[in-house]
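Report on the following structure.
Values below: all heavy atoms of this structure, side chains included; hydrogens, waters and symmetry mates excluded. Below, read A as the first sequence line, B as the second, and so on, with proteins coming before strands; counting in each chain starts at 1.
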Amino acid sequence: MKSPIIVWFRDDLRLSDHAALREAAQRGGPLVCLYVLDERGGGRPHGAASCWWLANSLRALDAGLKKLGQTLVLRKGDAALIIPELAANADTGAVLWLESEVPAQAARDRKVAQALQRAGSEARILRSDLLAKPDNIRNKDGNGLRVFTPFWKRVLSLDDPARPLAAPKTLPPPVRSVASERLEDWKLEPSKPDWATGFREAWSPGENGAQQRLHDFLDGPIKGYATDRDRPDGDHTSGLSPHLRFGEISPRQVFHAAKFAAERQPALARDIDKFLSELGWREFCRHLLFDNPDIDTRNLQSSFDDFPWRRDAKALRAWQRGQTGYPVVDAGMRELWHTGVMHNRVRMVVASFLVKHLLLDWRLGEQWFWDTLVDADPGSNPANWQWVAGSGADAAPYFRVFNPVLQGEKFDPDGAYVSKWVPELAKLSPKFIHHPWDATPIELQSAGIVLGDNYPEPIVDHKAARERALAAYRKTRA
DNA sequence: TTTTGAGTTGTTCGA
DNA sequence: GTCGAACAACTCAAA
């Protein structure tokens, strides 16, 4: 009789392109499919929105496993204790998992592997989900690249990432003696109040939902993606980010599916290259995280360490709640609250607004996003906040201050996006919907708007705020 | 080693 | 309304 095997699922909540599950299926022997909610050891604890996603994704994974006669075993606590103990109790021969390049996870994983080896068990770590290993993308000094374009060129110059593996058709039976905790007991989902109704309408967490998204996207919105992706009004993006975050689909699967689409439809080459480069940004941020484990707290450019951020709890709260008086900013912040995501273009606008118009520390915005985004990624979230703030790698020039009115008019010309998320402005004509303060009293009245009453006056004046930011940034450089 | 060219996403102003 | 320049200098990658 073969000894039992544990497959340890982490940010790879899928059955296909899963080298550890695949190998376990081939080896045979009783199998434990394990997920450990390790709130301390795996890096930053999930934010509230991510907890919602996680709960649903675990449920989906369990359903997928059940179809193969398996089940997902849930445990909560320190993985470095739980896994060796479980391995001993179940008398397993090996624990298999996919490598992580997230520094905190990698450190924790080393502890797990050492403990297993001390106990005479095998720790089998298989290739990670990244398209390229950070070790393979180095400059001549051995450091990671800090400029995106050469980084991405380098990744693309390597051999294509391995072809994705199919999901196992059958799995060995579970180990009956290993019990699972109950997902409900983890209280990952909100109850009172239940703020996740909008999430349920917007999303289908899990591998099936991820594959559906990918194929719907490559059948439709990919056409014109290179330009339309900037528009928050309508479905012009893939919506894959939370699925990628939890590994319900792997970057390799997305990469090869996009390449395949490009072969069949050469006219889409430009759109697909653009789409792949967005996958490249995810990769870039993960590599930055690999080299900078404290990227969520420490400025990558230390010249920002004494930047005079303001403290203003009231302004922060107005920003968080979508009550700044700038329609496109408020629309974005409310979309985030309602759905757990925000359109990429609008993320830049609201981030620039917090950091530059309000002069509030980028970490405050990063933390809010961490808590409210279902796609909150330990690499992308802090790296992109630092990029906007100017403290990051390959950062935006200091004088780039987004004008929320111009951005709204340019990318939401009909005001459809604002109307959807800031319904109190929906009756205002597109001409004024991005700057209601310029509308005449009659226009405001017929749209049912009383500024300062049912929609706020702008909390800062754009021109004055811009100049204040430029002055502060100029000083930081000098 | 030194040099060279380039670098996600913008805005404002004045001609 | 449109267009180009200014906004700044610095770091990075590669030749």
> Taking the inter-plane angle between the rings of W152(A) and F148(A) on a 0 to 90° scale, is it parallel (under 30°), tilted (30 to 60°) or perpendicular (over 60°)?
Replying inline: parallel
> Can you say whether the rings of F275(A) and F217(A) are parallel (under 30°), tilted (30 to 60°) or perpendicular (over 60°)?
Replying inline: tilted
> Under 4.5 Å between any side-chain heavy atoms of E101(A) and K133(A), yes or no?
Replying inline: yes
> Is there a side-chain contact between W186(A) and L58(A) (heavy atoms, below 4.5 Å)?
Replying inline: yes
Does any N or O in the side chain of [X] come within less than 3.5 Å of the main-chain N or O of [Y], such that one atom is a donor and the other an acceptor?
| X | Y | result |
| --- | --- | --- |
| D296(A) | P382(A) | no |
| H435(A) | K431(A) | yes |
| D361(A) | W309(A) | no |

>> Short of 4.0 Å, heavy atom to strand atom, which residues of residues 295-310 of chain A count as contacting DNA chain B?
In response: none
What nucleic acid atoms does [X] come within less than 4.0 Å of, heavy atoms only: base, sugar-phosphate, or nothing?
| X | answer |
| --- | --- |
| R154(A) | sugar-phosphate |
| K356(A) | nothing |
| L145(A) | sugar-phosphate |

> Mind checking whether W53(A) and H243(A) have ring centres under 6.0 Å apart?
Replying inline: yes
Distances under 3.5 Å between nitrogen or oxygen atoms of protein and nucleotides 9-11 of chain B:
unit_1, atom_1, unit_2, atom_2, d
dT9(B), OP2, R400(A), NH1, 3.3
dT9(B), OP2, R400(A), NH2, 3.1
dT9(B), O2, R345(A), NH2, 3.3
dG10(B), O4', R400(A), NE, 3.4
dG10(B), O3', Q407(A), NE2, 3.4
dT11(B), OP1, N403(A), N, 3.0
dT11(B), OP1, Q407(A), NE2, 3.2

> Would you write out the dot-bracket form of DNA chain C, 5' to 3', with Watson-Crick and G-U pairs under 3.5 Å, [ ] for crossing pairs, | for pairs to other strands and . for unpaired bases?
Replying inline: .||||||..||||||
Give the table of side-chain donor-acceptor pairs shorter than 3.5 Å for residues 202-209 of chain A, with sequence neighbours excluded, one pair per line with atom names and distance.
unit_1, atom_1, unit_2, atom_2, d
W203(A), NE1, T339(A), O, 2.8
E207(A), OE1, L15(A), N, 2.7
E207(A), OE2, L15(A), N, 3.4
E207(A), OE2, S16(A), N, 3.0
E207(A), OE2, S16(A), OG, 2.5

>> Please identify which of these residues, N299(A), N381(A), L288(A), N292(A), meets the side chain to side chain contact (heavy atoms under 4.5 Å, CB included) condition with Q386(A).
In response: N299(A)
> Quantified in whole Å, what is the P atom distance between nucleotide dT12(B) and nucleotide dA8(C)?
Replying inline: 15 Å
> With W437(A), which residues qualify under ring-ring contact (aromatic ring centres under 6.0 Å, His included), at least two apart?
Replying inline: Y326(A)
> What heavy-atom pair brings P251(A) and R282(A) nearest, and what distance separates the two atoms?
Replying inline: CG-NH1, 3.6 Å
> Just the endpoints, please: which first and last nucleotides of DNA chain C, 5' to 3', lie under 4.0 Å from a heavy atom of chain A?
Replying inline: dC7(C) to dA14(C)
> Under 4.0 Å between a Lys/Arg side-chain N and an Asp/Glu carboxylate O for D160(A) and R252(A)?
Replying inline: no
> Taking atom C1' of dG7(B) as reference, at what distance in whole Å does atom CH2 of W152(A) sit?
Replying inline: 18 Å
